[in-house]
Amino acid sequence: MRLLRGLSLRRKLSGIGMLSSLTALVSASIGFLVYDAHTSRADFLRRILTEAEIVGFNSISPLLFDDAEAAAKTLDGLRAEPAVGAAVITRAKGGGPFARYSRDGRPLPDFVTRTPPSSTAVSHVFEGDQLLVSKPIVFEAKPVGALLIQAELVELHERARRYVALGLVILAGSFLLAIAISRIVERTISRPLLRLAEGARSVSSKHDYSVRVPVEDRDEIGDLIATFNEMLERIQSQNADLEEARADLERKVEARTQDLAAANKELEAFSYSVSHDLRAPLRAIDGFSKALLTSYAGQLDEKGQHYLQRVRAGTQRMGQLIDDLLGLARVSRRELIRRSIDVSEIAQKVANELHSRHPGREVKVDVAPGLRAEGDPQLLAIVLENLMGNAWKFTSKREDARISVEGRRDGGRATVFSIRDNGAGFDMQYADKLFGAFQRLHSDSDFEGTGIGLATVQRIVVRHGGRIWAEGEPGKGAVFNFTLESSS
Amino acid sequence: MNDRCILLVEDNADDIELTTMALSAAKIANPLVVARNGVEALDYLFGTGAHDGRDTRDQPVVVLLDIKLPLLSGLDVLRRMRADERTRRTPVVMLTSSTEQTDVTNTYDEGANSYVRKPVDFENFVTAARQLGLYWTVLNEPPEA
C-alpha cells in the first residue's frame with residue numbers, strides 16, 4: 001500500500017476504511033448500472049416489438065385491401081409510444097412505402113429506403129442511438145408486407161444518465177457516511193495505539209518508567225498495552241533494585257572509607273607517638289649513660305664502662321630502628337605523585353652522595369644513561385638510595401667493588417631496572433626472606449643494618465604497581481630487579 | 001654575648017636535665033628558664049600567674065619549644081606568642097623528637113624560626129645544643145625588647 005505510506009496510523013486507518021467503502025460502493029453502483037442498462041434495454045426492445053406486433057397485425061387488412069389511408073391510421077397508433085421516431089409499411093411486392101409515420105413531421109430516416117430483409121422473422125438492430133426493427137407482415141404464411149420501426153434510444157440514455165447521477169449522489173452520501181463511521185471505528189483502534197506510542201515516547205525521552213498506558217479493551221492491542229505496562233513495571237522494579245544495590249554499595253564504600261580513614265588516622269597517631277614518645281626515653285638512657293661515662297668514669301672499672309658503652313650502642317641502634325620503621329610507615333602512607341622521572345639522574349646523585357660520604361672507598365659505579373620511568377620521584381629516590389646503599393655496603397670487603405644500574409624494556413608497558421653488585425651476595429634459598437621487615441641475611445658484625453630498607457623498597461615498588469625480586473650467589477654478588485611503568 | 005635567658009618549654013624531666021647538661025657542656029652561659037607546660041611558658045612570657053609582675057620587656061633570647069606538651073601544645077604556645085606584640089619577634093626554635101612533616105610545616109607556618117630534631121645520641125645532642133646556643137645567643141641579632 002504505497003498510497004498510505006508515511007501517513008499517521010489514524011490517517012491510514014481512515015484511508016483504509018474510505019478506500020474499501022469507496023471500492024465497494026463504486027463496484028456495486030457499476031454493477032447495478034450495468035444490470036439496469038441491460039434490463040431496461042431489453043424492456044425497451046420488448047415494448048417496441050410488442051408495438052410492432054400490434055401494428056403489424058393491424059396492418060394486414062389495409063395491406064390486403066390496399067387501403068393506404070387505413071394503413072397510415074394504423075401507423076398513427078404508434079404515436080402513443082413516444083420512443084418511436086418513424087415507421088414505414090412496405091408492400092411485399094415492393095414499390096416504395098405503402099404508409100409512413102414520423103413523429104413531429106421529421107424526415108424519414110434512410111433505413112426505410114433500404115431493402116427490408118425478406119425473411120419472415122422479426123429482426124432488430126441497435127444502431128448508434130436508435131433501434132431499428134423490421135417486422136414482416138404475414139398473412140396465411142405469406143408475407144404481404146413489412147413494418148419498419150425506428151425507435152430513438154433517448155429515453156434509455158436519459159435513464160442511464162439519471163441512474164448515474166443518482167448513483168453519484170448515493171455514492172457521495174454513503175462515502176460521507178463511511179467517513180463518519182470509519183472515524184468512529186478508527187478511534188477505537190487508533191486511540192489505544194496512539195496512547196501506547198505516546199507512552200513509549202515518554203519512556204524513551206524522559207526515562208520515566210512510571211508511565212502506564214490504560215488498557216481499554218481485551219483485544220490484541222489491549223494485550224500489547226498490557227505487556228508494555230508489564231515490561232515497564234519490570235524495568236521499574238529492576239531499576240529500583242539496581243538503585244537499592246547502588247545505594248547499598250555506596251553506603252558500604254562510605255563506611256569502608258570512614259573505617260579506612262579512621263584506621264589511617266590511628267596509624268598516623270601511632271607513628272607520631274612512636275616518633276615522639278619512644279625516642280624520648282632512649283635519649284634519656286643514652287644521655288645519662290654518657291653523663292655517667294664522662295662525670296663518673298673514675299668510679300667505674302673498665303668492664304662497667306664497657307657495659308655502659310653497650311647500653312649506648314643499644315639505644316642508638318634502637319633509635320635507628322625507630323627511624324627506619326617510621327620511614328617505612330611514611331612510605332605506605334604517603335600519597336603517590338606520578339610523573340615521568342629521570343632514573344639515571346637520581347641514581348647518579350645517589351652514587352655521588354655515597355662517594356662523598358665514604359671518601360675512603362673506591363667503588364666503580366656505572367649508571368646506564370637515559371633510564372626513565374613513571375613514578376613518584378621522592379619515593380624512587382628512596383628505592384635507589386636503599387638498593388645502591390646496600391650494594392655499596394655489601395661490596396665493602398672487596399677491592400674491586402663494582403655497582404651498575406641498568407634498565408631494559410620487559411616487552412610490555414614496564415621497564416625492569418637492575419642494581420647489580422659484585423659484593424657478598426646471598427644464598428638463593430633465603431631469597432624470600434630478603435624483603436620482610438627486620439629480616440637480615442647477614443650478621444650485624446659483618447654488615448650493619450636494621451633489616452627495614454628492603455621492606456621499604458618493596459613497599460614502594462608494590463605501591464607503584466611493580467614487582468621486585470633478587471638473584472644472588474654467596475661471594476659473587478647480587479642483582480636486585482624491580483619493574484616500573486615505562487615513561488611514555 | 002647576651003645575658004638574656006633561654007626559655008626551655010619541656011615537660012619531660014629527662015629531656016630537661018639532658019638539655020641543661022647539653023647546654024652547659026656546650027658552654028652556653030645564658031640562664032635557663034624552664035617551663036613544664038604551655039601555660040607555664042605563657043605565664044612566664046606574659047608575666048601572668050606564677051610570674052605575675054615580671055618585667056615583660058625582658059624576653060628570652062630564644063625559646064626552645066617542644067611540640068608535644070600537656071595543656072597547651074607547643075603549636076598553641078607559638079600561636080599565642082606570635083599574636084602578642086611583646087613576643088611577636090622572639091626567636092622560637094622547635095626542639096622536638098618528631099620528624100613528622102606536618103609538624104615541621106605547621107610550625108613554620110605559625111612563625112617558628114627553626115626546627116631541630118632532638119637526636120637520640122647524646123653526643124649529637126650536645127653538638128646540636130652547642131650549635132643552637134652559639135647561633136641564637138651569639139650570632140643571631142635578636143630584636144630589641
Checklist entry - Is it the side chain or the backbone of B/D121 that comes within 4.5 Å of chain A heavy atoms, both, or neither? => result both
Item to check | Trace of the side chain to side chain contact (heavy atoms under 4.5 Å, CB included) decision for A/K290 with B/F125 | outcome: CA-CA 11 Å; A/K290 169 74 180 167; B/F125 194 39; over 6 Å; no
Item to check | A/F288 side, atom CZ; B/E17 side, atom CD - distance, nearest 0.5 Å | outcome: 4.0 Å
Checklist entry - Between A/A284 and B/L18, what is the shortest heavy-atom contact and its length? => result CA-CD1, 3.5 Å
Next on the checklist: Surrounding OH of B/Y108 (heavy atoms of other residues, nucleotides or ligands, distance under 6.0 Å), is the total greater than 12?
Outcome noted: yes
Item to check | Criterion side chain to side chain contact (heavy atoms under 4.5 Å, CB included) on A/Q316 and B/E123, from CA distance to verdict | outcome: CA-CA 11 Å; A/Q316 278 158 27; B/E123 264 137 43; 6.0 Å; no
Next on the checklist: Heavy-atom count check: over 12 atoms from other residues, nucleotides or ligands less than 6.0 Å from B/R82 CZ?
Outcome noted: yes
Checklist entry - Does B/K118 offer a backbone N or O that forms a donor-acceptor pair with the side chain of A/R279 under 3.5 Å? => result yes
Item to check | Residues A/R283, B/D15: salt bridge by 4.0 Å N-O rule | outcome: yes
Next on the checklist: Within a 6.0 Å radius of atom CD on A/Q378, are there more than 12 heavy atoms belonging to other residues, nucleotides or ligands?
Outcome noted: no
Checklist entry - In this structure, are over 12 heavy atoms from other groups packed under 6.0 Å from A/R338 atom CZ? => result yes
Next on the checklist: Just so I understand: if I count every heavy-atom pair under 4.5 Å between each of B/N12, B/T96, B/D66, B/I67 and chain A, which residue has the most?
Outcome noted: B/D66
Checklist entry - Counting heavy-atom pairs under 4.5 Å to chain B, which of A/G287, A/P281, A/G319, A/S289 comes out on top? => result A/G287
Item to check | Nearest atoms (heavy-atom pairs only) where B/F122 meets A/R312 | outcome: N-NH2, 3.9 Å
